[in-house]
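See structure below.
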Amino acid sequence: MICPKIISIGYAVPELSYTQAEIFAELQYPRHFWRLFRDSGVEKRHFRVPLERIRRLSWQEQQEEYIEGATLLSKEAALLCLDGRDTAPIGCVIYGSCTGFAPGPTVAHYLGRQLGFAPSTYYNNIIGQGCESGFPGLKRAYDFVMVTGRMALVVNCELSSLTYFPEGDRADPENDYE
């Protein structure tokens with residue numbers, strides 16, 4: 001009987017980082033929201049693009065930045081996870097995210113091309129399910145390994161700094177912060 005297990009973990013984060021105070025000030029949130037930033041327990045946040053550019057990006061530009069950044073970070077994390085192992089035994093790549101949309105080819109496909117996965121590699125994307133897509137990804141990998149006996153790679157990449165959608169000249173003119 002096959003007994004699937006996690007054999008390695010790798011991670012990567014964007015190089016840029018900012019304090020909560022810097023983010024709050026740059027994105028011009030109303031003062032009464034400061035306690036949400038201050039009391040979150042988060043000291044700094046990593047960003048794909050410089051904070052001062054966030055407000056000027058269109059939705060399309062954000063998605064283009066997401067695809068490029070998610071592919072780079074996912075590759076970096078996958079290489080750390082693989083730790084020099086050959087990609088040939090990987091039969092399935094599960095990619096999860098809720099912060100970007102790549103209708104096709106997906107980040108997983110770009111990753112597969114860059115890492116040299118076999119043409120028969122199965123790609124499964126869990127997009128828009130929230131930050132918890134990692135667990136369903138692990139479950140799908142488990143199922144794949146149980147059925148095929150082949151290895152699977154699970155990658156999750158969240159670039160939350162590319163989900164800022166300004167509404168006019170203020171962070172949220174209706175003050176509802178959806």
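Note that these values count all heavy atoms, side chains included, but never hydrogens, waters or copies made by symmetry.
Of the inter-residue distances, the one linking E76 atom CD with L111 atom CG reads 12.0 Å to the nearest 0.5 angstrom. Rounded to the nearest 0.5 Å, atoms CG (D86) and CG (L115) are 11.0 Å apart. Taking CH2 from W59 and OH from Y66, the interatomic distance works out to 11.5 Å, rounded to the nearest 0.5 Å. Remark: E68 CD to L73 CG distance equals 10.5 Å, nearest 0.5 Å. Atom CG of residue L16 and atom CZ of residue R45 lie 15.0 Å apart, to the nearest 0.5 angstrom. The CG atom of N124 sits 4.5 Å away from the CZ atom of R140 when rounded to the nearest 0.5 Å.
A donor-acceptor contact closer than 3.5 angstrom is absent between the side chains of E43 and T19. With 3.5 Å as the limit, one finds a donor-acceptor pair spanning the side chains of S40 and Q20.
Heavy-atom contacts from other residues, nucleotides or ligands closer than 6.0 Å to CD of E52 number more than 12.
Using a cutoff of 4.0 Å between basic side-chain nitrogens and carboxylate oxygens, E61 and R56 are not scored as salt-bridged.
Note: W34 and F37 have parallel aromatic rings, judged against thresholds of 30 and 60 degrees for the angle between ring planes. Aromatic ring orientation, Y122 versus F144: parallel (interplanar angle below 30°, classes split at 30° and 60°).
Annotation for F24 and P30: closest pair CZ-O, 3.2 Å, computed over non-hydrogen atoms. The shortest heavy-atom contact between G149 and I2 is CA-CD1, 3.4 Å. Minimum heavy-atom separation, T71 to I67: OG1-O, 2.7 Å. Scanning both residues, A108 and N125, for their nearest heavy atoms gives CB-OD1, 3.7 Å. Nearest heavy-atom pair, Q62 versus L57, reported as atom, atom and distance to 0.1 Å: CG-CB, 3.8 Å. Residues C157 and T99 approach most closely at O-OG1, 4.0 Å, considering heavy atoms.
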Test side chain to side chain contact (heavy atoms under 4.5 Å, CB included) on E65 and L159; report intermediate values, then the result.
CA-CA 9 Å; E65 284 283 351; L159 293 175; over 6 Å; no
Verdict with reasoning, L72 to R48, per side chain to side chain contact (heavy atoms under 4.5 Å, CB included):
CA-CA 11 Å; L72 289 170; R48 161 74 183 152; 4.1 Å; yes
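In this structure, the side chain of R113 does not engage the main chain of Y110 through any donor-acceptor pair within 3.5 Å. Using a distance-only test at 3.5 Å, with no hydrogens or angles considered, a donor-acceptor pair links the side chain of E158 to the main chain of C98. Counting only distance, with no hydrogens or angles, the side chain of S17 and the backbone of H46 share no donor-acceptor pair below 3.5 Å. For S8 (side chain) and L82 (main-chain N/O), no donor-acceptor pair under 3.5 Å exists by modelled atom type.
Follow the hydrophobic side-chain contacts under 4.5 Å out from V154 and you never reach Y11; the two are in separate clusters. Taking hydrophobic clusters as Ile, Leu, Val, Met, Phe, Trp and Tyr residues chained together by side-chain heavy-atom distances below 4.5 Å, L138 does not share a cluster with V147. Both L36 and I54 belong to a single network of hydrophobic side chains, linked directly or stepwise wherever heavy atoms of I, L, V, M, F, W or Y lie under 4.5 Å apart.
Annotation: side chain of F117 is in contact with side chain of L153 (closest heavy-atom distance under 4.5 Å). No side-chain heavy atom of C92 sits less than 4.5 Å from a side-chain heavy atom of R150. With a 4.5 Å cut-off on side-chain heavy atoms, S74 and V107 count as touching. Looking at heavy atoms from C-beta onward, I7 lies in side-chain contact with R85 at the 4.5 angstrom threshold.
Taking R38 as the reference, nothing meets the side chain to side chain donor-acceptor pair (under 3.5 Å) condition, with sequence neighbours excluded. Under the ring-ring contact (aromatic ring centres under 6.0 Å, His included) criterion, F47 pairs with Y18, not counting sequence neighbours.
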